[in-house]
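Letters A, B, ... are given to chains in the order of the sequence lines, protein chains preceding strands, and every chain is numbered from 1.
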Number of protein chains: 2
Amino acid sequence: MSYTLEDIARLAGVSRSTVSRVVNNHPNVRPAVRERVWEVIHQVGYQPHAAARSLATNRTNVIGLVIPEAVSTLFTDPFFSLLIRGITDGCYARNYHLMLALFSTPAQEEDLYNRLLRSRYLDGVVLASTRLDDPLVGRLLSDGIPFVSIGRHPDPRVSYVDVDNVAGARMAVDHLIRLGHTRIGTITGPLNMSAGADRLEGYKQALQAHHIPVDEQLIVEGDFTEGGGLASMARLLSLDPRPTAVFVASDTMAMGALRAVRQAGLRVPQDISLIGYDDVPQAAFLDPPLSTVRQPIQRLGETAAHVLVDLITHGQDHAQRLVLMPELVLRQTTARL
Amino acid sequence: MSYTLEDIARLAGVSRSTVSRVVNNHPNVRPAVRERVWEVIHQVGYQPHAAARSLATNRTNVIGLVIPEAVSTLFTDPFFSLLIRGITDGCYARNYHLMLALFSTPAQEEDLYNRLLRSRYLDGVVLASTRLDDPLVGRLLSDGIPFVSIGRHPDPRVSYVDVDNVAGARMAVDHLIRLGHTRIGTITGPLNMSAGADRLEGYKQALQAHHIPVDEQLIVEGDFTEGGGLASMARLLSLDPRPTAVFVASDTMAMGALRAVRQAGLRVPQDISLIGYDDVPQAAFLDPPLSTVRQPIQRLGETAAHVLVDLITHGQDHAQRLVLMPELVLRQTTARL
DNA sequence: GGTTATAATGGGAGCGCTCCCAACACGAGC
DNA sequence: GCTCGTGTTGGGAGCGCTCCCATTATAACC
């Protein structure tokens, strides 16, 4: 048994419209009346019916977090947990809720896109770590669905929130250079993701700034997974001469890399320095504790939620772009050559 | 610009009702008509308006995953990522969607409970890893909201899906005993969570079955976090004589424990055997690869979603209880004494 | 105290769907 | 050829809100 606006109106001796005005904080209600209505509302525990409201306003107050099929295998990475926590906090602060759209297969992506987006369950979506050429972007654009991308996107119509990956990578590699390393390898992320491409760009910029030639042999493309990090590191270690330091484009890959080093009978940081990226909670608990580039992941999610809600409420005439700054966190996997 | 039922009806030369019947797969529509209607629907890309449907049916086809404030700090544990993936898969298979309710603070929990549950955004809720005495359970029960708990709950009205934690722990400790260990410690989970309490119970049962006395000194309560695992392990290692094997009630804590062992200058498994619980994706990549008890976490989530949807559609007259079986995964952190 | 301007209130219409019931078509059966 | 019965179709009502507009109460001013 639950109450409707009309019930509250009757109980408070006013009209449906007045109760609606009270609930929605419209002015033009006499304070005495307002108070009496609130009293009744609290007493019976009235809550407006979300669907009825949506039907009338054409707003659901729900946004979605879309994790494209292409990156869904990365979902267990703590990056996503932190991102989700940030997004939910951002949502709650703006009276919004978060729906999850985790696409595991291309067929699911197709099916769910229609079911979820076109049926207006959602007012907008946060698009997580998409590939640069993901067709989802074009689709959202042409369907006119407000969205924010986590990570830079070249299309000028796309709003995004990102952390400066070029700068972050540059900071990490700069630091390795300051420690005397010159033969520095890197394990990149997938290069069709902006995070992957940008961190590689930062790596190259740092080397060039110090007039160290970029050696393509020292660049191995990884996939942001632990297993990928292990395999890529093994390849770098087989080089002769092997690198004395490696910039790994994610902490998760760095965990694999750490293991590859150990398997090869070498020590971090005595034989080889390692620096990761993300500063996930585990990083401080690795052995040895991982030096890394801290991304404000939670704030990234929170910001994305705010930007999206602004886009929804104030219209999306021009794209919003926000870039946060990363920060170097030095622990014990980096040492002087 | 988007179409309504009425638009489709006009375009197909039938009535609103007939289109509705087609969309909802009701019988009693002539095949020729049905086909013609589908054709129009596909051609213009019609999707029923979710809110309108909800208002008429009193169903949203959305369920929530509630992560109570009390366990929200554990959210970065890969356990939750896997659980979420399972739940979403279960939802999609049943034409449902998943909303996230991640409560970070008690105030948020209070506020969101009303906003989300009472306003009928959700048809039901999956309650994640709650404490045994969580007031949320009583509240959902008295509000008549269908829900499924992840993890056993004593109240006979509560439906739950669980993995047999007593059996899992027994398997792990049995194995340590078979390897010749008799001085076996354990780092438990929080004992006010069924997973924590049950795994401790399994530990005790295994010892008793082999007539090994339970030594309270060897039981340290942990909190399912990495840092907690490290601290608890340090305490066990300071014992004299120290245990030769430890059953750690989660892989995440085991990562911390592994590090504590290393900090103490000891080796796993030569000096001390370790066995974890969960088999999270990282477990195989630890150094050395972690022996553990595999929980079918994804299937747990999937099953929970199915049970919940059944509860929603077929009524919740009697509680559903399902218990899945764990499985021992032996890697390289356990060795003969 | 009468006239405006403005604030406060009530009620109708409509959002897009489902569900129910009435109406109709058509073949079967006598 | 009439009556059933079953299969098929259409339209009204209603889900619980918001929004607009008409109406009435109140304040402001000379």
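Taking atom CD1 of residue B/Ile8 and atom P of nucleotide C/dG16, one finds them 13 Å apart after rounding to whole Å. B/Leu55 places its CG atom 13 Å from the C1' atom of D/dA13, with the value rounded to the nearest Å. Between the P atom of D/dG7 and the NE2 atom of B/His26 lies a distance of 16 Å, rounded to the nearest Å. Nucleotide D/dG12 holds its C1' atom 15 Å from the CG atom of B/Leu5, rounded to whole Å. Distance CZ (B/Arg21) to C1' (C/dC17): 14 Å, rounded to an integer number of Å. When the C1' atom of D/dT8 is taken as reference, atom CG of B/Asn25 falls 17 Å away, rounded to whole Å. Between B/Glu6 atom CD and D/dA13 atom C1' there is a gap of 14 Å when expressed in whole angstrom units. Remark: P of D/dC15 and NE2 of A/His49 are 11 Å apart, rounded to the nearest angstrom.
A donor-acceptor contact closer than 3.5 angstrom links the side chains of A/Asp143 and A/Tyr113. Under the 3.5 Å distance criterion, with hydrogens and angles disregarded, a donor-acceptor pair is assigned to the side chains of B/Arg120 and A/Ser2.
Phosphate contact (OP1/OP2 of C/dC15, side-chain N/O of A/Asn58, threshold under 4.0 Å): absent. In this model, the phosphate group of C/dG16 is not approached by any side-chain N or O of B/Tyr46 to a distance below 4.0 Å at OP1 or OP2. Remark: A/Thr18 is in phosphate contact with C/dG10, judged by side-chain N or O atoms under 4.0 Å from OP1 or OP2. The shortest distance between the side-chain N/O atoms of A/Ser15 and the OP1/OP2 oxygens of C/dG10 is below 4.0 Å.
Between the side chain of B/Arg36 and the main chain of B/Ala12, a donor-acceptor pair closer than 3.5 Å is present.
One N or O donor and one acceptor, one from the side chain of B/Ser17 and one from the base of D/dG11, sit under 3.5 Å apart. No donor-acceptor contact under 3.5 Å links the side chain of A/Arg120 to the base of C/dG16. Residue-to-nucleotide contacts include a donor-acceptor pair under 3.5 Å from the side chain of A/Arg16 to the base of D/dT18.
A salt bridge between B/Arg94 and B/Asp310 is present, with a side-chain N of the basic residue lying under 4.0 Å from a carboxylate O of the acidic one. In this structure, A/Glu109 does not pair ionically with A/Arg139, as no charged nitrogen and carboxylate oxygen lie closer than 4.0 Å.
B/Ile87 places a side-chain heavy atom less than 4.5 Å from the side chain of B/Val126.
Taking every side-chain heavy atom of B/Arg53 into account, C/dT18 is the closest of C/dT18, C/dT9, D/dT18. In this structure, the nucleotide among C/dC20, D/dC20, D/dT18 sitting nearest to the side chain of A/Ser20 is D/dT18.
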Next item on the list: Take B/Leu136 and B/Val66 through the side-chain contact (heavy atoms from CB on, under 4.5 Å) test and state the conclusion after the steps.
Entry: CA-CA 10 Å; B/Leu136 230 36; B/Val66 171; 3.9 Å; yes
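The CG atom of B/Leu98 lies 12.5 Å from the OH atom of B/Tyr96; values are rounded to the nearest 0.5 Å.
In the helix from C/dG1-D/dC30 to C/dC30-D/dG1, the terminal helix axes, each the rotation mapping four pairs' C1' atoms onto the next four within five end pairs, subtend 40°, rounded to 10°.
The only option from A/Leu122, A/Val307, A/Ile312 that meets the side chain to side chain contact (heavy atoms under 4.5 Å, CB included) definition with A/Pro146 turns out to be A/Ile312.
Note that A/Arg115 lies outside the cation-pi zone of A/Tyr121, set by a 6.0 Å cut-off to the ring centre and a 45° limit from the axis.
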Taking only N/O atoms, report every protein-nucleotides 6-8 of chain C pair under 3.5 Å with atom names and distance.
{"unit_1": "C/dA8", "atom_1": "OP2", "unit_2": "A/Asn28", "atom_2": "OD1", "d": "3.3"}

